[in-house]
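Sequence lines set the chain letters: A, B, ... in the order given, protein chains first and strands last, and positions in each chain run from 1.
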Amino acid sequence: MEMNVTDLACTRGGMRVLEGVSFDVPSGRALVLRGPNGIGKTTLLRTLAGLQPADAGSVTPGPEAIAYASHADGNKAVLTVAENLTFWARLHGTSDIRPALRDFNLEALETRPAGSLSAGQKRRLGLARMAVTGRPIWLFDEPTVSLDTDSVALFAAAVDRHLGAGGSAIVATHIDLGLEGETLELAPFRAEAPEDHHDAFHEAFL
Amino acid sequence: MEMNVTDLACTRGGMRVLEGVSFDVPSGRALVLRGPNGIGKTTLLRTLAGLQPADAGSVTPGPEAIAYASHADGNKAVLTVAENLTFWARLHGTSDIRPALRDFNLEALETRPAGSLSAGQKRRLGLARMAVTGRPIWLFDEPTVSLDTDSVALFAAAVDRHLGAGGSAIVATHIDLGLEGETLELAPFRAEAPEDHHDAFHEAFL
Amino acid sequence: MSEKLPRPSSLWEYANPRRFMALSGATLPFVAAGTTVALIVGLAWGFFFTPDDYRQGSTVKIIYLHVPSAMVAINAWLMMLVASLIWLIRRHHVSALAAKAAAPVGATMTMIALATGAIWGQPMWGAWWAWDPRLTSFLVLFLFYLGYMALWAAIENDDTAADLTAVLCIVGSVFAVLSRYALVFWNQGLHQGASLSLDKEENVSDVFYWPLLICLAGFVGFFVLLILIRTRTEVRARRMKALQARERMT
Amino acid sequence: MIALLKRDLALSVRAGGGFGLALAFFLIVVTLTPFAVGPDSGTLSPIAAGILWLGALLSCLLSLDRILALDFEDGALELLATAPIPLEGVATVKALAHWLTTGLPLTLAAPALGVLLNLPEPGFKWLTLSLAIGTPALSVIGTFGAALTVGLKRGGLLLSLIVLPLYVPTLIFGAEVARRGAQGMPLETPLALLGGITLATLALLPFASAAAIRINLR
Amino acid sequence: MIALLKRDLALSVRAGGGFGLALAFFLIVVTLTPFAVGPDSGTLSPIAAGILWLGALLSCLLSLDRILALDFEDGALELLATAPIPLEGVATVKALAHWLTTGLPLTLAAPALGVLLNLPEPGFKWLTLSLAIGTPALSVIGTFGAALTVGLKRGGLLLSLIVLPLYVPTLIFGAEVARRGAQGMPLETPLALLGGITLATLALLPFASAAAIRINLR
Amino acid sequence: MMPDLGKYAVEVLSAYAVTIALMLALLLLSLRQSAKTRSALREVEAARQAKATAKGKADG
Ligand code: HEM
Ligand SMILES: Nc1ncnc2c1ncn2[C@@H]1O[C@H](COP(=O)(O)OP(=O)(O)OP(=O)(O)O)[C@@H](O)[C@H]1O
Ligand SMILES: Nc1ncnc2c1ncn2[C@@H]1O[C@H](COP(=O)(O)OP(=O)(O)OP(=O)(O)O)[C@@H](O)[C@H]1O
Ligand SMILES: [Mg+2]
Ligand SMILES: [Mg+2]
């Protein structure tokens with residue numbers, strides 16, 4: 001599914017962080033977001049996912065086509081791997097967790113409580129969740145943190161398969177994943193420190 | 001000050017992690033600890049700092065000569081940078097926080113609450129704490145996480161100055177800091193999965 | 001876990017898990033048999049073959065449940081205290097696990113004593129419950145059991161849990177005694193005095209005495225039996241955990 | 001939604017906390033009351049119904065911060081907000097799960113604890129009934145408070161402060177029903193009002209809770 | 001040690017929580033009591049002293065988890081354990097800071113709230129005195145409970161469960177002093193015992209707390 | 001056979017019922033846990049044994 005972002009502006013902690021961000025992600029392609037720490041990658045992804053309102057600009061399609069994987073995984077330590085995945089699947093109205101388990105090499109861990117997993121295994125479980133949402137657009141915020149090289153390859157393969165099936169993906173990352181698609185450097189979109197617009201209602205105030 | 005570690009064994013979460021670790025760190029020198037994730041670097045440093053008892057072996061000198069900087073910084077979000085540092089200084093019976101502020105480029109931030117700092121600035125504050133303890137042996141657990149290159153250089157310079165004044169340091173890190181001293185690879189000290197010693201008293205059980 | 005072990009040279013060696021498993025496995029059937037016999041004989045004797053009390057009527061038969069359970073409930077806590085001290089001083093894992101195993105048994109016994117006491121209180125005092133010091137200190141004891149078990153359940157690491165619950169057991173014991181004195185001061189109470197003292201004058205009459213003693217033996221046997229079973233379970237669970245952790249490491 | 005309810009119940013049973021601890025706190029508050037006000041039944045009997053309601057309310061209150069905080073901390077709340085169920089549904093299910101693990105056990109335990117406080121004989125029925133009707137409102141209101149404070153570190157006590165005034169009407173009518181029941185007085189009016197409050201909160205507050213969650217996630 | 005005390009006091013004032021919230025909770029519990037048990041002074045007067053003690057104890061209880069948990073989470077507790085002051089001293093200072101921000105304000109507020117509950121005239125003096133003597137024990141015992149549960153996620157309710165039975169003797173003697181004071185009865189014995197408990201806990205429990213902290217840090 | 005319990009029959013019988021029920025419940029619970037861990041441990045030990053022999057063969 002295609003994604004269109006036009007002239008987006010995002011705010012974080014009361015401060016304008018990014019301005020004038022525009023891009024298209026055609027279906028079957030990925031977009032890699034890059035930029036130094038604190039530039040606003042997380043802020044942008046949260047805005048796209050509908051978790052915070054955009055200051056200006058438009059995003060199509062809306063949040064109901066988007067699955068978002070943030071820094072945190074949202075899995076419960078006392079539930080098993082299969083129980084966690086099944087929960088997300090049922091919540092999104094899908095039911096088959098087998099392919100997701102297979103894609104992320106979680107089959108051997110199926111009955112382990114999520115709390116007893118290592119950091120990398122936890123991360124794999126968090127990423128597997130995206131596959132059971134059944135949604136066409138995937139957003140990832142630094143997905144490869146604490147993954148070893150084999151798991152990074154698993155992840156890239158899963159995203160490739162998703163792209164091949166007509167989906168699309170936006171990935172904020174510092175490493176090279178070899179995905180089909182473009183790279184967007186966020187530094188040029190950094191919001192200017194606001195001038196004193198005495199006429200503008202809110203600017204004068206912030 | 002010189003540090004001697006002989007035949008140390010460490011346990012974490014009820015499992016023997018490292019065995020037979022021996023090394024000396026002469027004064028004026030640093031020791032860099034290396035090893036893959038989960039090998040036991042943090043465990044070893046906590047044992048040296050006296051936070052957990054050693055299973056076997058000896059460490060001299062004891063914890064009262066050692067300052068330890070862990071993954072967490074222990075600074076309070078609502079106190080300012082200067083207040084946080086002053087607290088640690090008074091606790092250790094020193095009083096001058098100026099040099100530490102200068103060494104870690106915190107002077108401009110002195111009156112900011114620690115909670116409003118960026119991750120790298122927070123880390124700098126955590127590292128500056130070591131300078132006000134006035135203790136001769138410094139232990140660092142991945143000190144350069146989230147620091148940019150300029151701050152890494154500041155850190156290396158501060159450690160060098162400490163070594164020059166006759167102190168010593170042990171640093172667990174994945175990057176090259178260019179410190180005076182040796183490197184210790186921990187992989188060879190990994191504890192073997194214990195055999196079933198039927199005669200041993202507790203092993204029979206654990 | 002079946003190899004032959006050399007003869008122990010000291011009593012402490014029974015705290016070796018392997019030796020404990022061997023010994024407890026061997027004694028378990030005898031304890032079970034003895035307990036069953038004592039409980040059946042004692043309770044049947046008490047229930048079917050003792051006369052009613054002239055004042056209390058048939059309710060006196062409740063004594064065969066109430067008194068043994070109350071005594072076991074208190075002594076279970078004492079046993080936990082001793083086991084906790086042994087763990088803290090000599091670090092024998094089995095004694096920590098035995099303390100853990102005893103808590104639910106003690107809590108159940110406390111519940112039985114409370115329930116039978118309440119049922120007895122209705123005809124005798126006209127109320128299910130009165131804030132008598134003896135009763136109230138049992139309620140407090142029950143709370144201690146609950147807290148102790150909840151702490152064991154909440155802590156992931158077994159050695160940490162053993163240490164912390166042992167500290168709680170010791171501090172709790174001091175406060176339990178303190179509560180007892182506070183409660184006596186606070187309210188004088190309705191409850192019976194001692195009925196099984198060595199002083200013949202004070203004792204309940206002989207008709208009630210012997211079945212009571214047998215019931216007491218039965219309850220104690222039940223306690224020991226359950227401690228053995230549950231400690232064995234804990235030892236096995238602990239070994240399994242260790243094996244799994246070892247597996248994960250390799 | 002059923003999946004969410006099942007998960008929340010499984011969590012509260014398995015985490016070995018949520019379930020038993022509110023009940024334990026209730027038990028403890030009720031047990032401590034006689035130590036504080038004295039042991040004789042002349043003092044205890046008239047205040048029994050009120051203390052039981054107060055104790056139930058306080059135990060309910062103390063378990064509120066578990067409703068949303070854990071999901072917030074590990075990121076699950078964000079994921080639930082982007083899942084294809086309305087956030088109002090999430091708020092309702094969370095309140096329901098809280099009631100099933102807190103309000104319901106408290107209601108069932110209350111008669112047993114009534115014995116400890118010498119609650120007069122006819123009061124037991126009405127105490128149980130009033131708790132059964134009133135505690136759902138406590139859970140729903142509490143979920144709203146939890147939604148307001150979910151972004152805060154250690155919002156626990158602040159949560160209490162926000163929620164307690166909201167609990168006042170429920171407490172007044174609930175305790176009134178239980179008290180009148182214990183004294184054999186007529187109690188139709190407070191009972192009807194109590195039911196009305198519960199229904200109204202159930203119908204309206206989930207919208208406020210969902211809005212609060214949305215704002216806190218932003 | 002003084003630096004630690006100062007820091008803890010600054011934190012609890014600046015975090016905008018510790019200080020006011022326990023007091024607010026106390027206020028609310030006391031205010032809710034008449035709603036729960038009925039408004040007439042014949043019911044309220046005899047239980048006033050007891051409810052005030054109970055309310056103080058509960059508010060104290062609810063603020064216990066702040067004593068150590070924040071320092072544990074951000075790593076400061078580890079650093080304190082390696083600092084050149086004994087951990088027993090840390091435990092004592094933590095308890096003292098808790099008392100200064102909780103027990104002391106509660107003691108000072110209690111007389112004002114006594115008015116709301118129709119506490120009999122002679123009771124005010126003794127209520128205040130008993131709280132002044134008894135609340136330090138509550139803080140010290142609470143620090144021990146906090147030390148036991150500091151490693152646990154959401155140990156709050158478990159903490160209550162563990163601490164409340166330990167509070168029983170203090171509550172009994174404290175409330176007894178206040179009650180007897182309100183009725184003009186002799187109260188030397190419970191007062192002496194209350195003081196004894198406070199002194200004994202002050203002298204002994206910090207060792208247990210320090211041991212528990214050390215075990216939890218391991 | 002049944003003794004005459006007089007007007008306190010309900011009390012006495014319910015006391016016996018409660019006691020026996022609680023004791024049985026505890027006993028059964030303990031036995032069930034015991035059986036469960038016993039079989040689970042046996043499984044783990046067997047898996048380990050199998051692995052050890054396999055490894056032994058590979059080495060030899
Ligand atoms: C809920 C109510 C009750 C509780 C919690 C309770 C608790 C206890 C306790 C803790 C003991 C002490 C055992 C020992 O010290 O070794 C005991 C013993 C006893 N209780 Fe009760 N009791 C209750 C009600 C009653 C009632 C209503 C009666 C009879 C009128 C009664 C009669 C006895 C007798 C005769 C003993 C034996 C005394 C002794 O051997 O020391 N109890 N009970
Ligand atoms: N809760 C907050 N309150 C105030 N400012 C914040 C908050 N969170 C982030 N910021 C600021 O907003 C800006 C953008 O943050 P964001 O997290 O989007 O950066 P990022 O590009 O994801 O950085 P990183 O690479 O470190 O993850 C940063 O300058 C940061 O200081
Ligand atoms: N709380 C815990 N309970 C059980 N096991 C633990 C716990 N913390 C760590 N471990 C285990 O102990 C081992 C050593 O951990 P440690 O944190 O010392 O590794 P490390 O070398 O510091 O790794 P990293 O480079 O990731 O920081 C790991 O295998 C880890 O899985
Ligand atoms: Mg980010
Ligand atoms: Mg580490």
Self-check item: Beyond-backbone contact of Leu13(F) with Phe47(C), side-chain heavy atoms, under 4.5 angstrom
Solution: yes
Quiz item: Any idea which of Leu22(F), Val44(F), Val18(F) has the most non-hydrogen atom pairs under 4.5 angstrom with chain C?
Solution: Leu22(F)
Self-check item: Distance, nearest 0.5 Å, that separates CD of Gln33(F) from OG1 of Thr233(C)
Solution: 6.5 Å
Quiz item: Checking side chain to side chain contact (heavy atoms under 4.5 Å, CB included) for the pair Val12(F)/Ile119(C): CA distance, chi angles, key distance, verdict?
Solution: CA-CA 8 Å; Val12(F) 175; Ile119(C) 292 169; over 6 Å; no
Quiz item: Considering only heavy atoms from C-beta outward, does the side chain of Met23(F) approach that of Phe222(C) to under 4.5 Å?
Solution: yes
Exercise. Report yes if some heavy atom in the side chain of Glu45(F) is under 4.5 Å from a heavy atom in the side chain of Met240(C); otherwise report no.
Key: no
Quiz item: In Å, rounded to the nearest 0.5 Å, how long is the span from CD1 of Ile62(C) to OG of Ser14(F)?
Solution: 7.0 Å
Practice problem: Measure from the side-chain N and O atoms of Tyr16(F) to the backbone N and O of Leu65(C), and report whether any donor-acceptor pair falls under 3.5 Å. | Solution: no
Exercise. Could you tell me which non-hydrogen atom of Ile229(C) sits nearest to which non-hydrogen atom of Ser30(F), and how far apart they are?
Key: CG2-O, 4.0 Å
Quiz prompt | Heavy-atom check, side chain of Phe219(C) versus side chain of Thr19(F), under 4.5 Å | solution = yes
Quiz item: If you round to the nearest 0.5 Å, how far is CG of Leu26(F) from OG1 of Thr108(C)?
Solution: 4.0 Å
Exercise. Before giving the answer on side-chain hydrogen bond (donor to acceptor under 3.5 Å, both in side chains), spell out for Thr37(F) and Arg236(C) the whole-Å C-alpha distance, their side-chain angles and the decisive distance to 0.1 Å.
Key: CA-CA 6 Å; Thr37(F) 36; Arg236(C) 289 201 180 99; 5.4 Å; no
